[in-house]
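Notes for the one structure printed next.
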Amino acid sequence: MKLPESFYLNSNVVEVAKSLLGKYLFTCIDGLLTGGYIVETEAYNGGIDKASHAYGNRLTSRTQTLFQHGGVAYVYLCYGIHEMLNVVTSVEGQPHAVLIRAINPTVGLDVMQHRRNMAVVKPTITSGPGSVGKALGISRKLNGISFQSDQLWIEDQGLTYAEENMVAAPRIGVAYAAEDALLPYRFYVKGNIYVSKPNR
DNA sequence: GAGCTGATTGTCT
DNA sequence: GACAATCAGCTCG
């Protein structure tokens, strides 16, 4: 069953990032179903987070999606190559989002393998935000789409993790964000092979 | 309009 | 471990 709209309206984006661990993310692009459960996320805490694109409530054509109500996708291009998927949360006007950094694939492995041009399936197939985007067929055409749609959605299939199996750590690649780079806004499942950086 | 930078990854040494 | 790939947004002029 799809997560209800209310799940995404929580104004505590850090809480949402943590509770997304173990949730199943699916895409159905060009009629091809792919998905798996989320094992790594990062929270971006709206206008007061120097690591966020919307820091200082900066409103541009790119960031306007972040200001929408929770439950839509924010997809953007990084380094000119990688399409990254975020889950927009909280109420309209609060640019909160959760970056999906890694999933444990369960459905459509052959499709993902083809999209990634991999001769053999390796854990890197969905490890890291750029890899997740590519494997799931995410493109900027999905920017602003609802997580209640039939192209992109998240399900709760009853998978949960105990506190000791979830790790909170500083985010990746945000050194420019000064003191905000140290915040423990990255969450991952301890020991899962799809987590993008070494488990500690 | 030029110049720089980034929520990264794959490849080559 | 270094670095190229490649483009949108931001800052200045």
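Just so you know, these numbers use all the heavy atoms, side chains as well, and skip hydrogens, waters and symmetry mates. Here is the naming used below: chain letters follow the sequence lines, and residue numbers restart at 1 for every chain.
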Determine the contact category for [X]: base if any of its heavy atoms lies under 4.0 Å from a base atom, sugar-phosphate if only primed atoms, P, OP1 or OP2 are that close, otherwise nothing.
X        : result
A:Leu99  : base
A:Ser127 : sugar-phosphate
A:Arg101 : sugar-phosphate
A:Thr124 : nothing
A:Ser131 : sugar-phosphate

Determine whether [X] and [Y] make a side-chain contact, defined as any pair of heavy atoms from C-beta on separated by less than 4.5 Å.
X        : Y        : value
A:Met112 : A:Thr126 : yes
A:Lys18  : A:Glu163 : yes
A:Glu40  : A:Ser196 : yes
A:Ser90  : A:Tyr8   : no

*Is the phosphate of B:dT9, meaning OP1 or OP2, less than 4.0 Å from a side-chain N or O of A:Arg116?*
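A:Arg116 to B:dT9 OP1/OP2: no side-chain N or O under 4.0 Å.
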| field | OP1 or OP2 of B:dA7 under 4.0 Å from side-chain N/O of A:His53 | value |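 Yes, within the criterion.
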| message | Let me spell it out: for each of A:Leu59 and A:His82, pick the nucleotide of DNA chain C with the closest heavy atom. Which residue's pick is nearer the 5' end? | response |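 Nearest nucleotide further toward 5': that of A:His82.
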Can you check the [X] [atom1] to [N] [atom2] distance for me, whole Å?
X        : N      : atom1 : atom2 : value
A:Arg171 : B:dT8  : CZ    : C1'   : 16 Å
A:Tyr55  : B:dA7  : OH    : C1'   : 16 Å
A:Asp49  : B:dG6  : CG    : P     : 16 Å
A:Ile125 : B:dG10 : CD1   : P     : 11 Å
A:Arg62  : B:dG6  : CZ    : C1'   : 8 Å
A:Met118 : B:dG10 : CE    : C1'   : 11 Å
A:His96  : B:dA7  : NE2   : C1'   : 16 Å

- First contact, last contact: which nucleotides of DNA chain C are these for chain A, 5' to 3', heavy-atom distance under 4.0 Å?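 The footprint of chain A covers C:dA5 to C:dC10.
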Practice task
Look only at the side chain of A:Arg58 and the backbone of A:His53, and say whether a donor-acceptor pair between them is shorter than 3.5 Å.
Solution key: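 Yes: the side chain of A:Arg58 pairs with the backbone of A:His53.
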Taking atom P in both B:dA7 and C:dG1, compute the distance separating them and give it to the nearest angstrom.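 Comparing P positions in B:dA7 and C:dG1 gives a spacing of 23 Å.
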*Take A:Val98 and A:Glu42, measure what side chain to side chain contact (heavy atoms under 4.5 Å, CB included) needs, and give me the verdict at the end.*
CA-CA 5 Å; A:Val98 177; A:Glu42 280 181 6; over 6 Å; no
One pair to check against side chain to side chain contact (heavy atoms under 4.5 Å, CB included): A:Leu152 and A:Phe26. What are the steps and the verdict? CA-CA 6 Å; A:Leu152 177 69; A:Phe26 295 102; over 6 Å; no
Run A:Tyr161 and A:Val189 through side chain to side chain contact (heavy atoms under 4.5 Å, CB included) and show every step you take.
CA-CA 8 Å; A:Tyr161 292 101; A:Val189 176; 3.6 Å; yes
| query | Nearest to the side chain of A:Met84, which nucleotide is it out of B:dA7, B:dT8, B:dT9? | reply |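 That would be B:dT8.
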Practice prompt. Give the nucleotide from the list B:dT9, B:dG6, B:dA7 with an atom nearest to the side chain of A:Tyr79.
Written response: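 Out of B:dT9, B:dG6, B:dA7, the nucleotide with an atom closest to A:Tyr79's side chain is B:dG6.
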Checklist entry - Where are the stems of DNA chain B, defined as at least 3 consecutive Watson-Crick or wobble G-U pairs with both distances under 3.5 Å? => result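 Output for stems: B:1-6 with C:7-12, B:8-12 with C:1-5.
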Discussion item. Run the side chain to side chain contact (heavy atoms under 4.5 Å, CB included) test on A:Thr106 and A:Tyr37 for me, step by step, so that the C-alpha distance in whole Å, both residues' side-chain angles and the decisive distance to 0.1 Å come before the verdict.
Written reply: CA-CA 7 Å; A:Thr106 58; A:Tyr37 56 88; 4.1 Å; yes
Original post:
Does the ring centre of A:Trp153 sit less than 6.0 Å away from the ring centre of A:Phe147?
Top reply: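 No: the rings miss the under 6.0 Å criterion.
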